[in-house]
Amino acid sequence: MEQRLAQATTELIQELYGQELATAKITVQKTRSEFKGDFTIVTFPIARFSKKSPEQTADELGAKLIERLEELAGYNVIKGFLNLELSDDFWLDFVKKEKTNTEIGFNKSSEVNAPVVIEYSSPNTNKPLHLGHIRNNLIGYSISNILEADGFNTAKVNLVNDRGIHICKSMLAWQKWGEGETPEQAGVKGDHLIGKYYVMFDGAYKQQVSEMIEQGHSEEEAKKNAPLLLEAQQMLKKWEEGDSETVALWKKMNDWAYKGFDKTYKRLGVDFDKIYYESETYLLGRNIVLEGLEKGILFKKEDGSVWADFSEEGLDEKLLLRSDGTSVYMTQDLGTAVLRYSDYNPHEMIYVVGNEQIYHFDVLSRLLKKLGYQWYGKVKHLSYGMVELPEGKMKSREGTVVDADDLMEEMIARAKETTQELGKIEGLTREEAEKLYHTIGMGALKYFILKVDPQKTMTFNPEESIDLNGNTGPFIQYTHARIKSVMRKAEDKGASDEFTTIPSIHPREKVILKRLYDFPNVVKQASQTYSPALIANYTYELVREFNQFYQEVSILSAETQQQAGFRLSLAEVSAKVIHNAMGLLGIDVPEQM
RNA sequence: GGUCCCGUAGCUCAGUUGGAUAGAGCGACGGCCUUCUAAGCCGUAGGUCCCAGGUUCGAAUCCUGGCGGGAUCACCA
């Protein structure tokens with residue numbers, strides 16, 4: 001409709017004033033709620049062409065537009081703002097049409113066939129997932145949904161960081177002090193057990209360092225030459241050489257981690273189409289580097305380390321292979337990128353990775369370019385901000401890291417507590433009740449995180465996140481449940497949702513209609529800006545407006561059957577939009593709560 | 001120091017390609033359950049949109065310069 005209005009206005013300007021004005025230049029916006037109307041055309045810029053005052057221009061355009069577009073029922077002008085009112089029939093038709101459309105808001109026609117490959121999660125196998133990973137996973141999963149809803153094909157991929165010095169640290173600590181402990185024995189998830197040994201390594205290493213400093217070594221030297229670190233480095237070398245004992249230990253411990261991760265992912269409700277392992281891609285990266293070295297694109301230093309030189313582009317030199325021949329992060333990311341490109345021939349490759357790695361991805365794309373990969377521009381780093389606590393940053397050293405599993409558990413427990421307090425589990429089986437606690441707890445967590453613009457650093461306040469009132473996931477879920485309840489009651493009463501026409505549309509209804517009408521635009525915009533937050537905030541506005549309507553206007557006891565039918569239909573469409581929108585965020589909405 | 005990101009109510013956040021009197025939630029205070037679920041609704045209080053210039057009919061939004069906070073520039077990932 002906005003398009004039609006802009007189009008018609010352009011034509012009118014041409015006819016009335018003989019001026020060519022690009023349709024895109026015309027601003028058609030939603031009319032602010034305090035004024036009468038549905039869409040508003042701002043006529044200040046047009047006044048220059050009409051050589052009349054903005055008010056006069058608006059008047060002229062308004063009069064003509066009404067003649068021309070049958071959807072328009074009236075207009076008013078305030079200052080330079082031309083407020084256009086759509087006919088009630090337009091809105092009634094809209095409801096009739098969307099009532100049967102389960103895919104409301106989703107664009108199924110795809111202009112692009114090549115998939116958008118989206119990487120997220122990217123865990124290290126040396127420790128369990130924490131709050132930062134949760135944000136990452138939720139953003140990645142949601143953006144994949146949103147892109148699908150916008151007509152793209154997507155492939156969700158995970159890149160597991162399953163090799164490297166940090167993994168060796170956990171392995172070494174377990175080998176030294178673990179006494180064969182297994183997750184089963186310890187009664188903890190495998191990823192948590194491994195994390196325990198990683199922390200253990202870190203503690204012992206720090207102690208060695210401080211002892212060495214006491215013995216007169218410099219700090220730098222101590223950090224570099226602490227026996228434990230040297231042992232870990234030795235282990236990495238052995239691993240890269242394929243030493244069978246080291247590899248066996250590595251496999252065993254990584255398996256523990258994977259089993260733990262799977263549980264976490266399942267609970268979080270995220271999944272992947274394909275999982276890449278760095279242990280399987282780093283050699284490819286190394287070969288590419290060696291090839292680049294042969295071609296003279298890269299260079300070797302005296303100590304045998306291999307580098308890329310970006311000094312001409314204003315950046316630094318970047319290490320690609322250590323002097324002992326082992327790979328670094330960039331090496332494996334290079335290999336993974338090349339492999340992934342050949343696997344998918346993608347439209348785009350999106351990496352959901354924290355904003356601390358902006359430089360890394362800048363270098364990765366420059367490196368790809370330097371090495372002759374023409375598709376380097378398809379690599380997109382979708383960087384998101386860190387999650388902080390009210391006290392400040394999470395620090396593993398100080399034990400302030402919020403563990404993903406613990407957090408989910410707490411949220412669900414809180415949902416259970418509140419639900420029971422409010423006595424909302426009447427008529428539910430035990431199983432259904434448990435499912436509901438999960439739905440609400442996870443809804444609260446996911447919404448709390450996704451409503452914030454991904455780009456921004458966010459504060460995670462446990463107190464607030466657990467809140468179930470106000471701008472929260474459970475508030476949205478509650479509204480959905482309310483609508484469903486009304487629909488069930490309607491069915492019991494035998495009330496029909498059929499209608500042909502009604503005398504007039506209530507202002508509270510109009511607000512909702514306009515909001516619902518906007519949903520496809522919001523999905524489109526969320527897709528273009530990779531922002532689940534737009535969907536979250538949109539949904540909140542919708543349910544707030546619905547609750548105002550619900551409070552003020554009776555659906556089932558409407559004055560006439562026609563009116564009841566219309567209101568019921570309006571509620572149904574609202575429920576569908578809430579359902580679909582929350583689905584894009586990976587949040588379930590219950591039938592009852 | 002270079003590059004990048006951020007700065008809106010006491011706190012957490014919205015604010016479309018520049019548009020009308022800058023909005024929510026939480027917290028505070030006061031109302032509303034014989035009527036579709038009170039996890040709700042209504043009202044009150046709360047603002048130098050970090051500062052200063054500039055562009056424009058019009059700036060929280062764009063430009064320049066400051067100030068404040070963060071990230072990054074590793075033989076860490």
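When reading the values below, keep in mind they use all heavy atoms of this one structure, side chains included, and skip hydrogens, waters and symmetry mates. Throughout, a chain's letter reflects where its sequence line sits, starting with A, and its residues are numbered from 1.
Using cut-offs of 30° and 60° for the angle between ring planes, the A:H133 and A:H130 rings count as tilted.
Atom P of B:A39 sits at a distance of 24 Å from the matching atom of B:U44, rounded to the whole Å. The gap from the P atom of B:G65 to that of B:A22 amounts to 30 Å, rounded to the nearest Å. Comparing the P positions of B:A28 and B:U64 gives an interatomic distance of 44 Å, to the nearest angstrom. For the P atoms, the distance linking B:A52 with B:G15 amounts to 25 Å, nearest Å. Rounded to the nearest Å, the gap between the P atom of B:G1 and that of B:C13 is 28 Å. Taking atom C1' on both nucleotides, B:G10 is separated from B:G2 by 37 Å, rounded to a whole Å. Between B:G66 and B:U3, the two P atoms lie 11 Å apart (nearest whole Å). B:U8 sits 15 Å from B:G47 when the P atoms are compared, rounded to a whole Å.
Using a 4.0 Å heavy-atom distance criterion, A:V553 is classed as a base contact. Residue A:A481 is in base contact, counting any heavy-atom pair closer than 4.0 Å across all strands shown. Heavy atoms of A:Q525 sit under 4.0 angstrom from at least one base atom.
Sorted by first and then second residue, the salt bridge (charged side-chain N to carboxylate O under 4.0 Å, His left out) pairs with a member in residues 328-337 of chain A form an empty list; sequence neighbours excluded. Counting only residues at least two apart or in different chains, salt bridge (charged side-chain N to carboxylate O under 4.0 Å, His left out) contacts with residues 542-553 of chain A comprise A:R508-A:E552, A:R515-A:E545, A:E541-A:R544.
One finds a side-chain N or O of A:R32 lying less than 4.0 angstrom from the OP1 or OP2 phosphate oxygen of B:G23.
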Could you pull out the protein-nucleic contacts involving nucleotides 56-59 of chain B (nitrogen or oxygen on both sides, under 3.5 Å)?
none

Can you tabulate the close N/O pairs, meaning under 3.5 Å, that link protein atoms to atoms of nucleotides 41-46 of chain B?
unit_1	atom_1	unit_2	atom_2	d
B:C41	O4'	A:Q551	OE1	3.1
B:C42	OP1	A:Q548	NE2	2.8

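Candidate nucleotides B:C73, B:U21, B:A39 were compared by shortest atom distance to the side chain of A:N469, and B:A39 ranks first. Which of B:A20, B:A39, B:U17 sits closest to the side chain of A:T27 comes down to B:U17. Comparing B:A39, B:A20, B:A77 against the side chain of A:T419 picks out B:A39 as the nearest. Between B:A77, B:A39, B:C36, one nucleotide has an atom nearer to the side chain of A:N124 than all others, and that is B:A77.
In this structure A:H166 satisfies the ring pair (Phe, Tyr, Trp, His ring centres under 6.0 Å) test with no other residue, sequence neighbours excluded. Qualifying salt bridge (Lys or Arg N to Asp or Glu O under 4.0 Å) partners for A:K424, counting only residues two or more places apart in sequence or in other chains: none. A:P590 meets the side chain to side chain contact (heavy atoms under 4.5 Å, CB included) test with A:L436, A:T439, A:Q477, A:M593; sequence neighbours excluded. Partners of A:D324 under the side chain to side chain contact (heavy atoms under 4.5 Å, CB included) rule, at least two apart in sequence or in another chain, are A:K237, A:R322, A:T326. Scanning for salt bridge (Lys or Arg N to Asp or Glu O under 4.0 Å) contacts around A:K300 gives an empty result, with sequence neighbours left out. A:R48 meets the salt bridge (Lys or Arg N to Asp or Glu O under 4.0 Å) test with no other residue; sequence neighbours excluded. Residues forming a ring pair (Phe, Tyr, Trp, His ring centres under 6.0 Å) with A:Y359 (at least two apart in sequence, or on another chain): none.
Ring stacking holds between A:F81 and B:A20, with the centres under 5.5 Å apart and the planes within 30 degrees of each other.
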Open item on the list: Within the 4.0 Å limit for protein heavy atoms, which parts of nucleotides 2-14 of chain B are touched? Write it as a string from 5' to 3', B for base, S for sugar-phosphate only, - for none.
Closed with: ---SSS----SSS
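Contact record, A:N355 with A:Q455: ND2-O, 4.4 Å, taken as the closest heavy-atom pair.
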